[in-house]
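Here's the structure we're looking at; comments come further down.
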There are 2 protein chains.
Amino acid sequence: MQPPLPRPPQDRLDAVFAALADPTRRAILSMLLEDDMAVTDVAAPFAMSLAAISKHLGILAQAGLISQEKRGRVKWCKLEPDALREASVWMQAFGQFEPVNLDAFERFLERDLATDFPADPPPD
Amino acid sequence: MQPPLPRPPQDRLDAVFAALADPTRRAILSMLLEDDMAVTDVAAPFAMSLAAISKHLGILAQAGLISQEKRGRVKWCKLEPDALREASVWMQAFGQFEPVNLDAFERFLERDLATDFPADPPPD
DNA sequence: TTCATGTTCAACCATCCGGTTGACCATGCC
DNA sequence: GGCATGGTCAACCGGATGGTTGAACATGAA
């Protein structure tokens with residue numbers, strides 16, 4: 001299992017927000033807020049299969065929101081606040097856009113938009 | 001007319017995060033940061049059909065991230081930062097990171113704009 | 001070795017999502 | 001009225017998502 005390849009920041013934002021869009025995954029994150037947990041223990045309170053929870057954890061890990069470390073036959077899951085911080089900062093900047101740091105904000109947006117802005121609509 | 005929120009806040013978070021998970025929609029939000037826009041003008045820079053953009057705007061509106069008001073035959077779209085703030089508050093529960101400070105934002109920018117960022121947090 | 005535990009894999013299924021196209025409705029202008 | 005413009009609707013399509021089940025793999029215990 002190789003670590004996820006570095007992705008452009010807009011893809012990382014995609015992954016983080018998509019991961020957060022599911023209530024089960026948000027619940028898992030809140031559980032991990034208290035302590036690291038094994039996969040089976042994460043799954044316990046949910047009314048779905050272990051395999052399903054395993055998939056959810058994979059998605060959270062892919063988004064960088066958690067890390068997983070296998071010790072013995074138990075795989076431990078740990079909250080990784082950094083990815084959340086990025087997205088949180090993105091949102092805060094949006095939610096309270098003061099004139100303050102608009103320069104920096106625009107540089108950031110430029111980067112975020114870079115790939116999906118054609119910026120050159122085909123002439124008709 | 002039924003005012004907003006027939007649905008629990010859980011679903012609202014679902015909608016907000018899901019809406020933010022798409023780069024086109026984040027791009028639209030950033031455009032609306034500068035000024036209110038008509039649907040056609042929103043669609044202009046994108047290499048996709050007007051109908052597709054219209055759908056994206058519908059999703060953003062459903063999530064409460066924008067509002068739409070029809071004046072004449074033009075439908076104006078306006079950023080609604082409140083929904084963002086709500087989700088932002090949710091996220092702050094997770095970082096023990098301090099409440100809203102743009103210092104964090106600047107640090108993020110520095111890291112994000114660096115030419116290449118570390119692939120993954122090194123395992124400990 | 002054998003067995004139980006922890007976790008993932010593979011195949012499958014139903015539904016959702018993002019996009020297209022073409023028809024359609026609404027409005028403003030000549 | 002007639003027509004161009006602004007925008008949505010409906011049907012469709014391919015691919016992603018969220019769940020299931022059963023088999024398989026990995027490790028620790030007896």
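Letters A, B, ... mirror the listed sequences (proteins, then strands); counts begin at 1.
- Of all heavy-atom pairs between B:Thr24 and B:Asp22, the closest is N-OD1, 2.8 Å.
- Rounded to an integer number of Å, the gap from A:Gln68 CD to C:dT8 C1' is 11 Å.
- If you measure from atom NZ of B:Lys70 to atom P of C:dC25, you get 13 Å, rounded to the nearest angstrom.
- The list of ring pair (Phe, Tyr, Trp, His ring centres under 6.0 Å) pairs with a residue in residues 14-49 of chain A, not counting sequence neighbours, reads A:Phe17-A:Trp90.
- A:Leu65 is not listed as a side-chain neighbour of A:Arg25, based on a closest heavy-atom distance of 4.5 Å or more.
- The interatomic distance linking B:Lys75 (NZ) with C:dC25 (P) rounds to 17 Å, in whole Å.
- In this structure, A:Arg73 atom CZ and C:dA4 atom P are separated by 12 Å, rounded to whole Å.
- Following rounding to the nearest Å, B:Asp36 (CG) and D:dG6 (P) show an atom-to-atom distance of 18 Å.
- The distance between atom CH2 of A:Trp76 and atom C1' of C:dT8, rounded to the nearest whole Å, is 18 Å.
- If you measure from atom CG of A:Leu60 to atom C1' of D:dG18, you get 13 Å, rounded to the nearest angstrom.
- Looking only at side-chain heavy atoms (C-beta outward), A:Cys77 and A:Glu69 stay at 4.5 Å or farther from each other.
- Note: CD1 (B:Ile53) to P (D:dT8) measures 11 Å, nearest angstrom.
- When hydrophobic clusters are built by joining Ile, Leu, Val, Met, Phe, Trp and Tyr residues whose side-chain heavy atoms come closer than 4.5 Å, directly or via intermediates, A:Leu13 is not grouped with A:Ile59.
- Under the 4.5 Å side-chain criterion, counting only non-hydrogen atoms from C-beta, B:Gln68 is not in contact with B:Trp76.
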Between protein and nucleotides 11-24 of chain C, map the contacts as a letter string: B base, S sugar-phosphate only, - none, heavy atoms under 4.0 Å, written 5' to 3'.
-> B------SBBB---
